[in-house]
Amino acid sequence: SSDAAIQTATQTLIFGAGMSYKGMLPALEQYFPEFAELFERIASPQIRNMGTIGGNVANASPIGDLPPILLALDANIHIRHCDGNSDSSDQPFVDEILPLSEFFLDYKKTKLRAGSYVVAIHIPLLQDNQHLFIHKISKRYEDDISACLVAVRLSLSADSTMIKNAKIGLGGMAAVPLLVENCQQALIGQPFKVASFEQAAKALPLDVSPMTDVRASREYRLHVVQRLLIKCGKQLIKGAQTESA
């Protein structure tokens, strides 16, 4: 499917797997403007007209631009298995909806098997106390492969004094796009201060040990992602101060 829809009961944005980057843009501009802003830096106009969300996710590239963001947004993936293993002859397929974080198993290895395909991606809409930040690092600013990509979704307490939850998706840092569990846990329950982000960034080596390649060294990747995590905190604090001024 190449459709987009809002599931109002669960406040979820659903993209059919065949939805092109260009087709996604109007919905992203409305519900996830930070996500939409990145699109100018993804590939070229020709590719954005043809490339799809399902293809980008199923390709399972560790440097794909969409998966780290979808991971940070707690997206689910809808898979259909048509391999003849259904228990019912009336239904020759089995549908499975699972967290995207469970989809990527190893380098270029996913939960897809022979006869499986991606049906849709389900993205929960941001709540009033949630904020999204995305930073892509590449040698060329536009139309270039990421050396690393950081996506952070932060949930604040009602009085904006504490970090209630954090989801941090990384690309270009491991064999698969991933959530950094130790960094996330280091933020949860912490005061809404830059020091909390500085402390959480120190946990990054516990979550990931990136490789050195033609795009960046291991040391650079670790350092830049740590600085970007702190930058996200500073951006959020600055935004909160601006709103309260």
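The residues of the chain are indexed from 1 along the displayed sequence. Since this is a predicted model, take the numbers as computed values, not measurements.
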I14 and I53: same hydrophobic cluster, using ILVMFWY side-chain contacts below 4.5 Å? no
Exercise. Please work out whether the ring planes of F35 and F39 are parallel, tilted or perpendicular, with thresholds of 30° and 60°.
Key: perpendicular
- Query: So do the side chains of N76 and T12 get within less than 4.5 Å of each other, counting heavy atoms only?
  - Reply: no
Could you check if a side-chain atom of L156 sits within less than 4.5 angstrom of a side-chain atom of I163, using non-hydrogen atoms only?
yes
Just by distance, no angles: are the side chains of S61 and N59 close enough, under 3.5 Å, to form a donor-acceptor pair?
no
Does F197 share a hydrophobic cluster with I188, counting links as ILVMFWY side-chain heavy atoms below 4.5 Å and allowing steps through other members? no
**Prompt:** Any side-chain heavy-atom pair from L126 and R153 closer than 4.5 angstrom?
**Reply:** yes
- Would you say P205 and Q226 make side-chain contact, with heavy atoms under 4.5 Å? yes
| Below 4.5 Å, heavy atoms only, C-beta onward: do V57 and F104 meet side chain to side chain? | yes
Rounded to the nearest 0.5 angstrom, the CD-CD1 distance for E198 and I230 is 5.0 Å
request  = Answer yes or no: is there a side-chain heavy-atom contact under 4.5 Å between I6 and L125?
outcome  = yes
| request: For atom OH of Y220, decide whether the heavy atoms of other residues, nucleotides or ligands shown that lie under 6.0 angstrom number more than 12. | output: no
With H135 as partner, the option from E34, R227, Q235 fulfilling side chain to side chain donor-acceptor pair (under 3.5 Å) is Q235
